[in-house]
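Written below as structure tokens is the structure these notes are about.
It should be emphasised that the depicted structure is a prediction, and the values quoted were computed from it without experimental measurement. For reference, positions follow the sequence shown, starting with 1. FYI, side chains are in, hydrogens and waters are out, and symmetry mates aren't considered; it's all heavy atoms of this structure.
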Amino acid sequence: MTFIRTEFDGGVGIITIDRAARFNSLDVATAQELRRAGLQMARNDKVRAVILRGSGSAFCSGADLKYIASGGEQDELVYLTAARAVPEGYGERFKQILEYLHSTISEIRRAPKPFIAAVDGVAAAGGFGLAMSCDLVFASPRATFEWAYGKTGLTGAESSTFLLPRLIGLRRALELMLLNPRLTAEDAAASGLVTGVFPQDAFDERVLEVAKSLAAGPTRAYGVAKALINQAAGVDRIDFHLDQELQHLVRSANSDEFKEGLRAFFEKRPAQFAPHA
């Protein structure tokens with residue numbers, strides 16, 4: 001694999017998104033590799049706990065907007081389509097990435113073992129949703145968490161609209177969506193989005209300690225209890241909601257709002273969204 005690294009430390013599996021030059025954003029190939037790694041870790045009985053992390057100063061910044069704007073790679077984009085050519089519009093490019101990323105999130109939620117997000121830097125948009133899909137989230141002091149979809153006129157995906165109300169309640173979820181504050185690690189912990197904050201100089205070691213402790217525990221019992229808690233919280237319906245997120249985000253990506261949002265992103269200015277006619 002090119003941009004996803006996997007390694008093992010005893011019963012702990014570690015997945016690293018290693019695309020630091022692009023803030024660990026995901027193009028189609030990287031999203032496909034992440035799905036493969038997530039599936040392998042989730043279904044390997046020798047792996048009893050999993051850490052998901054990013055390289056450099058980011059956890060993950062979601063879909064790669066530069067890749068989206070450039071039109072992507074034709075060979076990658078036609079992989080999931082019956083046609084030989086990808087339909088016009090940004091939505092189809094997002095769809096190819098999200099098909100893999102949503103499948104990864106589904107595997108994480110259904111896996112009969114704990115998944116830990118180790119957020120040591122930026123977690124925004126799809127990266128925010130990916131972190132929230134894990135069972136435990138640990139952050140370093142330099143970590144930040146941001147909804148971010150609205151900046152470019154997108155509706156939200158990667159489980160974010162599904163999990164946020166369940167994690168922090170309806171009112172707070174709407175605040176994060178509408179006002180889009182950039183949360184520090186401490187803010188995120190106070191909101192219930194983050195399990196704990198570990199010191200920067202010992203972050204990786206502390207997260208690994210937790211993972212090893214879980215790997216040494218009754219993982220079969222953990223897996224059953226996780227499934228029961230998912231059922232009680234309605235998380236067993238996540239696949240249906242992920243499909244709804246995908247459909248709506250594809251539509252929003254084909255809108256004039258996203259066109260303006262994408263231009264503003266690359267011009268490093270606030271987007272100017274016109275009123276609806």
Side-chain angles (χ1 to χ4, degrees), residues 1-9 12-44 47 49-68 72-73 76 93-94 96-109 111 113-140 142-149 157-160 163 185 188 193-195 198 200 203-208 210-211 242:
M1 291 189 282
T2 305
F3 292 114
I4 300 295
R5 292 190 287 106
T6 58
E7 54 191 303
F8 303 91
D9 190 329
V12 176
I14 303 170
I15 301 172
T16 303
I17 306 172
D18 192 10
R19 202 166 179 248
R22 298 291 305 143
F23 296 97
N24 297 326
S25 60
L26 306 175
D27 59 6
V28 170
T30 307
Q32 186 178 24
E33 290 180 2
L34 179 61
R35 179 189 179 276
R36 184 183 306 128
L39 188 150
Q40 290 172 346
M41 293 290 189
R43 301 187 183 185
N44 185 342
V47 176
V50 181
I51 297 171
L52 177 60
R53 61 188 297 273
S55 63
S57 61
F59 173 74
C60 176
S61 57
D64 185 345
L65 293 183
K66 185 175 181 180
Y67 177 89
I68 296 289
E73 297 291 336
E76 296 172 352
R93 301 167 205 171
F94 270 108
Q96 301 287 302
I97 295 171
L98 294 184
E99 289 275 7
Y100 293 117
L101 188 49
H102 281 190
S103 179
T104 304
I105 289 168
S106 180
E107 286 289 338
I108 289 171
R109 290 311 320 153
K113 64 191 68 174
F115 267 72
I116 302 169
V119 182
D120 184 19
V122 176
F128 178 92
L130 184 61
M132 293 307 105
S133 73
C134 292
D135 302 304
L136 299 174
V137 181
F138 292 103
S140 74
R142 70 174 177 176
T144 60
F145 299 83
E146 186 176 0
W147 168 268
Y149 296 100
E158 291 99 357
S159 80
S160 56
L163 289 173
L193 292 172
V194 165
T195 309
F198 291 145
Q200 187 70 56
F203 182 69
D204 291 337
E205 292 82 358
R206 294 286 298 276
V207 173
L208 185 59
V210 173
L242 287 170

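A distance-only check finds a donor-acceptor pair linking the side chain of N24 to the backbone of R19 [under 3.5 Å]. With hydrogens and angles ignored, the 3.5 Å screen pairs no side-chain donor or acceptor of T16 with any backbone N or O of G54. With K113 contributing its side chain and V50 its backbone, the two residues share no donor-acceptor pair below 3.5 Å. Of the possible polar contacts, one joining the S61 side chain to the F23 backbone as a donor-acceptor pair under 3.5 Å is found.
Separating the OG1 atom in T104 from the CE atom in M41 is a distance of 12.5 Å, to the nearest 0.5 Å. In this structure, CZ in F115 is found 8.0 Å from CG in D135, a value given to the nearest 0.5 Å. Separation of atoms CG (L34) and OH (Y100) is listed at 12.0 Å; rounding is to 0.5 Å. Taking CD1 of I105 as the reference point, atom SG of C134 lies at 9.0 Å (rounded to 0.5 Å).
M132 has its side chain out of reach of S160: every pair of non-hydrogen atoms, C-beta onward, lies at least 4.5 Å apart. Here the side chains of S25 and L65 are not in contact, with every heavy-atom distance at 4.5 Å or above. Inter-residue side-chain proximity for Q40 and E107 is flagged as unmet; no heavy-atom pair is nearer than 4.5 Å. Taking 4.5 Å as the limit, some side-chain heavy atom of V210 sits within range of a side-chain heavy atom of F198. Looking at heavy atoms from C-beta onward, V137 lies out of side-chain contact with L193 at the 4.5 angstrom threshold. Contact check for L130 versus I108: side-chain heavy atoms found under the 4.5 Å cut-off. Counting heavy atoms from C-beta on, the side chains of T6 and I14 never come closer than 4.5 Å.
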*Can you check side chain to side chain contact (heavy atoms under 4.5 Å, CB included) on F59 and L52, steps first, answer last?*
CA-CA 9 Å; F59 173 74; L52 177 60; 4.1 Å; yes
*Before giving the answer on side chain to side chain contact (heavy atoms under 4.5 Å, CB included), spell out for R5 and R53 the whole-Å C-alpha distance, their side-chain angles and the decisive distance to 0.1 Å.*
CA-CA 10 Å; R5 292 190 287 106; R53 61 188 297 273; 3.9 Å; yes
_Chi angles and distances behind the side chain to side chain contact (heavy atoms under 4.5 Å, CB included) call for L26, D64_ = CA-CA 5 Å; L26 306 175; D64 185 345; 5.9 Å; no
_Trace of the side chain to side chain contact (heavy atoms under 4.5 Å, CB included) decision for D120 with Q200_ = CA-CA 8 Å; D120 184 19; Q200 187 70 56; 2.9 Å; yes
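Using the six-membered ring where Trp is involved, F128 and F145 have ring planes that are perpendicular, over 60° apart on the 30 and 60° scheme.
Between A37 and I4, the shortest heavy-atom distance links the atoms CB-CG2, 3.9 Å. Residues A125 and A148 come closest through the heavy atom pair N-CB, 3.9 Å. The shortest heavy-atom contact between A139 and A143 is CB-CB, 3.8 Å. When all heavy atoms of A211 and A49 are compared, the pair lying nearest together is O-CB, 3.6 Å.
For residues 30-39, the set of pairs meeting the salt bridge (charged side-chain N to carboxylate O under 4.0 Å, His left out) definition, not counting sequence neighbours, is empty.
Ion pairing of R22 with D27 is absent here, as no side-chain N (NZ or NE/NH1/NH2) approaches a carboxylate O to less than 4.0 Å.
In this model, no donor atom of one side chain and acceptor atom of the other lie less than 3.5 Å apart for S133 and R109.
When each of V194, I116, V207 is checked for a side chain to side chain contact (heavy atoms under 4.5 Å, CB included) with L136, only I116 meets the rule.
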